[in-house]
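All values below come from the heavy atoms of this structure, side chains included, with hydrogens, waters and symmetry mates left out. Source: prediction; values computed, not measured. Every chain is numbered from 1, with letters handed out A, B, ... down the list of sequences.
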2 protein chains.
Amino acid sequence: MNDTKTKLLDAAERLIGEQGFAATSLRHIISEAGVNLASVHYHFGSKDELLEAVVMRRAAPVNDRRLALLDRYEAENDGAVPVDRILEAFLFPMAQAAASNPQFVRVMGRIVSEGMIQSVLEKNFHTVLLRFTAALRKSLPALSDEEFRWRMLFMQGAMAHTMCGTPGNDFEHRIALLVRFLSGGFEASPAEVK
Amino acid sequence: MNDTKTKLLDAAERLIGEQGFAATSLRHIISEAGVNLASVHYHFGSKDELLEAVVMRRAAPVNDRRLALLDRYEAENDGAVPVDRILEAFLFPMAQAAASNPQFVRVMGRIVSEGMIQSVLEKNFHTVLLRFTAALRKSLPALSDEEFRWRMLFMQGAMAHTMCGTPGNDFEHRIALLVRFLSGGFEASPAEVK
DNA sequence: GTCTATACTGAGATAGAC
DNA sequence: GTCTATCTCAGTATAGAC
């Protein structure tokens, strides 16, 4: 691996996790990394793309584990997997990542709380989102397409806010509570059409 | 009312609603308002405080209506108000505001999606949050304090993301769906302690 | 291919004259 | 209260050394 590139990723990960993305200047990052300012644009192109690289470096294994878990649950339950299992399969690997690398989760939190979700997440989590959306849809056949889509959005907001936007380290416990809450929401009977 | 101040608030509200907070420069705002750059800092102190003033101007009536609705429901149900009524009382006035002033809701959406929630909202919505938290707590006596607090956070994330972070205009319908989902989550039986 | 030095543009903030 | 001029710092771009 290129040394300069890695130094930049490490420094950016640490500083963005601590101070946030907007509050962390490239000049601060490069001084921590001990490299030249222009190397950021040489290796990554821009500050935004540096952030994306920071995310991508850690996101891949998390998403692999998510898909593996979902595969297993689908094999075990051929057909519709219980909603809470699907949610667990999505959330648990993030908690594992948090245990081995807290910095990464902090960065994800910063991304969420600074509203860079769309740009960064949709690029890196596309397949995962498709798979999990399909699994949930299958397990919630009673909902209309419209209501299902809205409930996915509600979930998205709750997840982002909870997993990333709030400090603390006991992610496994947090996940158990979140899964319970979201299951209740998803499985609520449809709202009346007025 | 001071003319310069109002011109600044109007221009800021419009531009931030259209382009977002970060993307809207003070120089753009003042040129729309037809005033001088330094007047921003004279009247508001900083760009952040200008945003806060934009929010405060519209938030007060919404919060008044929220509290009035909650008062009514509490009087009607003396003791514990049904969870879905409480949620409605919180969300409905925002939908009304959206109908009469779409710019405001857009600004709130920008605030959420750009992660300025904590700083801005906690200042302006403090009493409202206390009242609604207390009402919900009363209606959910079976939950532990801890699980209740977490569910409040889950709700917060879902609400912010939904009400403000996603485009579209049919807020009343959206609210009906959101209330249903959140009621299901709040009323789910407690997660098992493992 | 990689790194260094330096310049450019635009941002928010501020001091001081009027 | 308002305006001009200026300051500092950000991200970005480029020219050129190795």
Straight-line distance of B:Asn36 CG to B:Thr4 OG1, nearest 0.5 Å: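 Those atoms lie 9.5 Å apart.
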Basic-acidic side-chain contact under 4.0 Å: B:Arg149, B:Glu146: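 Salt bridge flag = no for B:Glu146 with B:Arg149.
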Any residue of residues 44-51 of chain B with a heavy atom less than 4.0 Å from an atom of DNA chain D: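 Nothing qualifies; none.
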Of residues 14-42 of chain B, the positions that come close to DNA chain D - non-hydrogen atoms, cut-off under 4.0 Å: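 Residues of residues 14-42 of chain B that come under 4.0 Å of DNA chain D are, in numerical order, B:Asn36, B:Ala38, B:Tyr42.
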Within-4.5 Å side-chain heavy-atom neighbours: A:Leu9 and A:Phe44: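 They are in contact (side-chain heavy atoms under 4.5 Å apart), so the answer is yes.
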Any donor-acceptor pair under 3.5 Å from A:Ser113 side chain to B:Gly115 backbone: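 Looks like no, no N/O pair under 3.5 Å.
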Within 45° cone and under 6.0 Å: A:Arg66 NZ/CZ vs A:Phe90 ring: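 So A:Arg66 does make the cation-pi contact.
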Outermost DNA chain D nucleotides near chain A [under 4.0 Å, heavy atoms]: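 Here the contact window of chain A covers D:dA10 to D:dT14.
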Dot-bracket encoding per residue of DNA chain C, Watson-Crick/G-U cut-off under 3.5 Å, | denoting interstrand: ||||||||||||||||||
Would you be so kind as to tabulate the donor-acceptor pairs closer than 3.5 Å made by side chains of residues 125-133 of chain B, with sequence neighbours excluded?
from     : atom 1 : to       : atom 2 : distance (Å)
B:Arg131 : NH1    : B:Asp71  : OD1    : 3.3
B:Arg131 : NH2    : B:Asp71  : OD1    : 2.9
B:Arg131 : NH2    : B:Glu74  : OE1    : 3.1
B:Thr133 : OG1    : B:Leu129 : O      : 2.6

Transitive ILVMFWY side-chain link A:Val40 to A:Tyr42, under 4.5 Å: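 No, no single cluster joins them.
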Donor-acceptor pairs under 3.5 Å, side chain of residues 150-163 of chain B to any protein atom, not counting sequence neighbours: which ones?
from     : atom 1 : to       : atom 2 : distance (Å)
B:Arg151 : NH1    : B:Gly185 : O      : 3.2
B:Arg151 : NH1    : B:Phe186 : O      : 2.8
B:Arg151 : NH1    : B:Ala188 : O      : 2.8
B:Arg151 : NH2    : B:Glu147 : OE2    : 3.1
B:Arg151 : NH2    : B:Ala188 : O      : 3.4
B:Arg151 : NH2    : B:Ser189 : O      : 3.3
B:Gln156 : NE2    : A:His161 : NE2    : 3.3
B:His161 : NE2    : A:Gln156 : NE2    : 3.4
B:Thr162 : OG1    : B:Ala158 : O      : 2.4

